[in-house]
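Report on the following structure.
All heavy atoms count here, side chains included; hydrogens, waters and symmetry mates do not. In what follows, chains are A, B, ... by sequence order, proteins preceding strands, each numbered from 1.
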Amino acid sequence: MKLYNSYSQKTEEFVPLEENKVKMYVCGPTVYDSAHLGHARCYITWDVLYRYLKFKGYEVTYCRNVTDVDDKILSKSQKEGKTPDEVARFYYQAFSKSMESLNNLKPDIEPFATKTLGEMIAINKQLIEKGHAYAVDGDVYFRVKSFDKYGQLSKQPLEALESGARVEESDLKENPMDFALWKHDEKFGYKSPWGVGRPGWHIECSAMSRKYLGNTIDIHAGGADLIFPHHENEIAQSECANGQQFVKYWMHNGFVTINKEKMSKSLGNFLTIDKILENYDANAIRFFILTNHYRMPVEFSDEALTAATAGVKRLYTAINEARKTAKIDENLNLNTCEEYQEFVEAMDEDLNTSKTLAVLFDLANKTNKEQNSRNLTLIYKISEVLGFNFDKVKICEEELKEKIDVIAKKLSADFKNMNEILSFRKTARDEKNWDLADKIRIVFDEAGITLKDTKDGTTWEIK
RNA sequence: GGAGGCAUGGCCAAGUGGUAAGGCAGGAGCCUGCAAAGCUCUUAUCCCCAGUUCAAAUCUGGGUGCCUCCUCCA
């Protein structure tokens, strides 16, 4: 399997540190606001990687942190008159719910920054001892000049960074490029050898990664906007503290754009996941994300989501229809199937999900032509590895009852259930009363249910 | 100013040397009482210019346009 490594800027053969085991760390959210489509893209992408690695038989440990100590959480808490902890907890729950709605698997470990303070302090101490960091007036800064590999991930020449110097000016720093590992904060801080304070943003990932996965890990992933300074700084901290390589494969996903611009909080041009889920289903969002290669930008539009919805529906229909006559065969040897091989080949090429969708459509076509167990199993299993959820969406009883009531009312009749209406319509059709049959179908349509007349009778489905 | 990336049919998008996957939308046909779904068929020479090569969307050079990072950001 080949993966693109941002560090080397090359697509490399993936060889885990320990045979058959993968340690992956993904930069998680700062929980101060609702997650938006950009987050959806990021976490869907890495969810697919996680699923695929597991599917390939690796024993994967997926760690995704939660940043629950941060300036934005503090300002939000002050604005809302809540404690920072309340704010963090609220948005963490909202985030988890969004992830679940998107059908993202839960990471194996989801550590909180505030629960890893001891480890952060330990790293700071090590860095100070080794001369890579210094404490001033309750702050601790990383001495960038002490790490000669600094800038290698982001390919930023040091001089360029220095002259760019949009970094915060501070009299306390030896060099404007130095970044905070610990910040003095009497009000919201935690105890430390340097006084009461809060951790810098970057140190938490170094700490959590080391604590839960070890000094060197296989994969570290996140949005491309984290390359600098976040990941660059993580490398500096971790490698200086541990004296060994921090990450073997750095992976970064591209942005979601809207009107060709990056969707982001600061630009205010974002759509929250929950908002989008009001109009489109989770499979459609995933499909939309997976049509593009994960490193490319993906432009949001209603047209794109609508197209994705149509594509998903085609796959769903094929599976759903096939399930009526065929069964999923857990014992099918996937390796002997050429479609499966195509799928693996595509995924092995740095997660070419776009190609895997073509495999799915090919299978949908085959399944529609021949609804056998083999075709059904293949399309279902591959969909599952990509994280689609094509299990029959069960409409709840009450909802269906409501719809039936609406339909009955419109038809001025007293139908109790679906069968009564359908047999009523069947009678109309048998009598070739097409006007009535069509009218009933229109009423169903208005209620959000599609009626399909097939050779074997009429079927219905929620739109 | 420095660093990185992108440009493929109406829209989205694969494809890194041998003559363009797939989806959506559109068109034609089959099926159907009509629809829906499905099936079949159907629309490109790859931003521009120059070069390398028997052969380039794919390599090189030069343009043009767009995006991202260098500040919090997935």
Side-chain angles (χ1 to χ4, degrees), chain A residues 6 9 11 26-30 32-33 35-46 70-72 151 154-157 159-168 177 201 221-230 232 252-257 259-267 270 287-288 290-293 295-299 301 303-315 317-318 320-321 342 346 349 352-362 364-365 367-369 371 429 432-435 437-438 441-442 444-445 450-455 458-461 463:
Chain A
S6 308
Q9 291 178 298
T11 304
V26 172
C27 280
T30 301
Y32 73 101
D33 205 350
H36 61 71
L37 191 57
H39 299 100
R41 190 203 190 171
C42 174
Y43 300 122
I44 286 172
T45 298
W46 308 123
D70 171 87
D71 287 347
K72 284 177 181 159
S154 55
K155 313 295 180 261
Q156 294 285 344
E159 315 79 62
L161 287 172
E162 255 175 309
S163 62
R166 278 205 270 174
V167 278
E168 258 178 80
M177 283 193 314
W201 174 37
D225 46 0
L226 298 182
I227 292 173
F228 192 90
H230 188 55
E232 194 70 73
H252 295 96
N253 62 277
F255 304 122
V256 173
T257 60
N259 298 321
K260 297 257 173 137
E261 256 185 348
K262 176 185 169 188
M263 182 181 282
S264 73
K265 294 270 163 144
S266 44
L267 289 170
F270 61 89
F287 184 100
F288 163 68
L290 298 185
T291 45
N292 299 60
H293 185 83
R295 282 189 280 120
M296 299 288 103
V298 48
E299 168 82 3
S301 68
E303 295 71 41
L305 262 299
T306 303
T309 303
V312 162
K313 198 177 172 200
R314 185 166 150 75
L315 298 176
T317 303
N320 198 34
E321 290 299 314
E342 278 170 36
E349 279 170 38
N352 191 337
T353 51
S354 185
K355 241 184 201 170
T356 67
L357 293 179
V359 174
L360 282 182
F361 281 108
D362 172 44
N365 180 262
T367 305
N368 285 330
K369 282 195 271 195
Q371 301 180 335
R429 292 188 70 214
K432 298 198 191 299
N433 186 349
W434 308 126
D435 286 347
D438 290 349
R441 191 165 57 200
I442 290 166
F444 266 89
D445 189 68
T450 306
L451 289 188
K452 295 180 183 177
D453 295 323
T454 71
K455 272 179 259 167
T458 300
T459 64
W460 59 275
E461 67 183 36
K463 270 199 272 186

Describe the nucleic acid contact of A/E299 in one word from base, sugar-phosphate, nothing, applying a heavy-atom distance below 4.0 Å. nothing
Nearest-0.5 Å distance that lies between atom CG in A/D438 and atom CZ in A/R429: 9.0 Å
Name the nucleic acid region contacted by A/M263, choosing base, sugar-phosphate or nothing; use a 4.0 angstrom heavy-atom cut-off, strictly under. base
Give A/N292 one of three labels, base, sugar-phosphate or nothing, depending on what nucleic acid heavy atoms sit under 4.0 Å from its own. sugar-phosphate
Does a side-chain heavy-atom distance below 4.5 Å link A/L315 with A/F361? yes
State the CZ-CG distance between A/R314 and A/N368, to the nearest 0.5 angstrom. 6.5 Å
A/K265 near the nucleic acid: base, sugar-phosphate alone, or nothing, with a heavy-atom cut-off under 4.0 Å? nothing
Touch class at under 4.0 angstrom, heavy-atom based, for A/V256 against every strand present: base
Fit a plane to each ring of A/H39 and A/H36, take the angle between them on a 0 to 90° scale, and name the class: parallel (under 30°), tilted (30 to 60°) or perpendicular (over 60°). tilted
Please report the distance separating the P of B/rG2 from the corresponding atom of B/rG22, rounded so that it comes out in whole Å. 43 Å
For the CG atom of A/N253 and the SG atom of A/C42, what is their distance to the nearest 0.5 Å? 4.5 Å
For B/rC39, does OP1 or OP2 lie under 4.0 Å from any side-chain N or O of A/N368? yes
Integer angstrom distance from the C1' of B/rC31 to that of B/rG38: 9 Å
Under 4.0 Å, heavy atoms only, any strand: does A/H293 hit a base, just the sugar-phosphate, or nothing? sugar-phosphate
Answer yes or no: is there a side-chain heavy-atom contact under 4.5 Å between A/F270 and A/K265? yes
Rounding to the closest angstrom, what is the interatomic distance between B/rA37 and B/rG18 at atom C1'? 41 Å
Whether A/N365 contacts B/rC39 is assessed here as follows: a side-chain N or O lying under 4.0 Å from the phosphate OP1 or OP2. Is that the case? yes
When only distance counts, do a donor and an acceptor, one from the side chain of A/R41 and one from the base of B/rA74, lie under 3.5 Å apart? no
Using heavy-atom distances to pick each residue's nearest nucleotide on RNA chain B, tell me which of A/P297 and A/G223 is more 5'. A/P297
Spacing of the C1' atoms in B/rC24 and B/rA14 (rounded, Å): 15 Å
Nearest-angstrom distance, P atom, B/rA20 to B/rG5: 28 Å
Give the nucleotide from the list B/rA35, B/rG2, B/rC72 with an atom nearest to the side chain of A/P157. B/rG2
B/rU58 to B/rA7 separation - P atoms, rounded to the nearest Å: 11 Å
Looking across every strand, which nucleic acid part, if any, lies under 4.0 Å from A/G222 by heavy atom: base, sugar-phosphate, or nothing? sugar-phosphate
With sugar-phosphate meaning primed atoms plus P, OP1 and OP2, does A/Y43 contact a base, only sugar-phosphate, or nothing at under 4.0 Å between heavy atoms? sugar-phosphate
Under 4.0 angstrom, heavy atoms only, what part of the nucleic acid is A/L267 near: base, sugar-phosphate, or nothing? nothing
Spell out protein contact along nucleotides 16-32 of chain B as letters: B when the base is contacted, S when just the sugar-phosphate is, - when no protein heavy atom is under 4.0 Å; keep the 5' to 3' order. -----BSSS--------
Which part of the nucleic acid, if any, lies within contact of A/L226, taking any heavy atom under 4.0 Å across all strands shown: a base, the sugar-phosphate backbone alone, or nothing? sugar-phosphate
Donor-acceptor pair under 3.5 Å: do we get one between A/K369's side chain and the base of B/rC39? no
Give a yes/no on whether any side-chain N or O of A/N352 is located under 4.0 angstrom from OP1 or OP2 of B/rG15. yes
In whole Å, measure the gap between the C1' atoms of B/rA13 and B/rG23 for me. 8 Å
Give me the atom names and distance for the closest heavy-atom approach of A/H293 to A/N352. ND1-CA, 4.4 Å
If we take the P atom in both B/rC47 and B/rU16, what is their distance in whole Å? 15 Å
Quick check against the 3.5 Å criterion: does A/E299 have a side-chain atom that pairs as donor or acceptor with the backbone of A/V256? no
Looking at every strand, decide which applies to A/E321 at a 4.0 Å heavy-atom threshold: base, sugar-phosphate, or nothing. nothing
Using a 4.0 Å heavy-atom cut-off, does A/S264 contact any base of the nucleic acid, only the sugar-phosphate backbone, or nothing at all? base
Please confirm whether the shortest side-chain N or O distance from A/K155 to OP1 or OP2 of B/rC70 is below 4.0 Å. no
Could you give the CG-to-P distance, from A/N253 to B/rG4, as a whole number of Å? 20 Å
Upstream residue (5' side of RNA chain B) when A/G254 and A/T257 are each assigned their closest nucleotide: A/T257
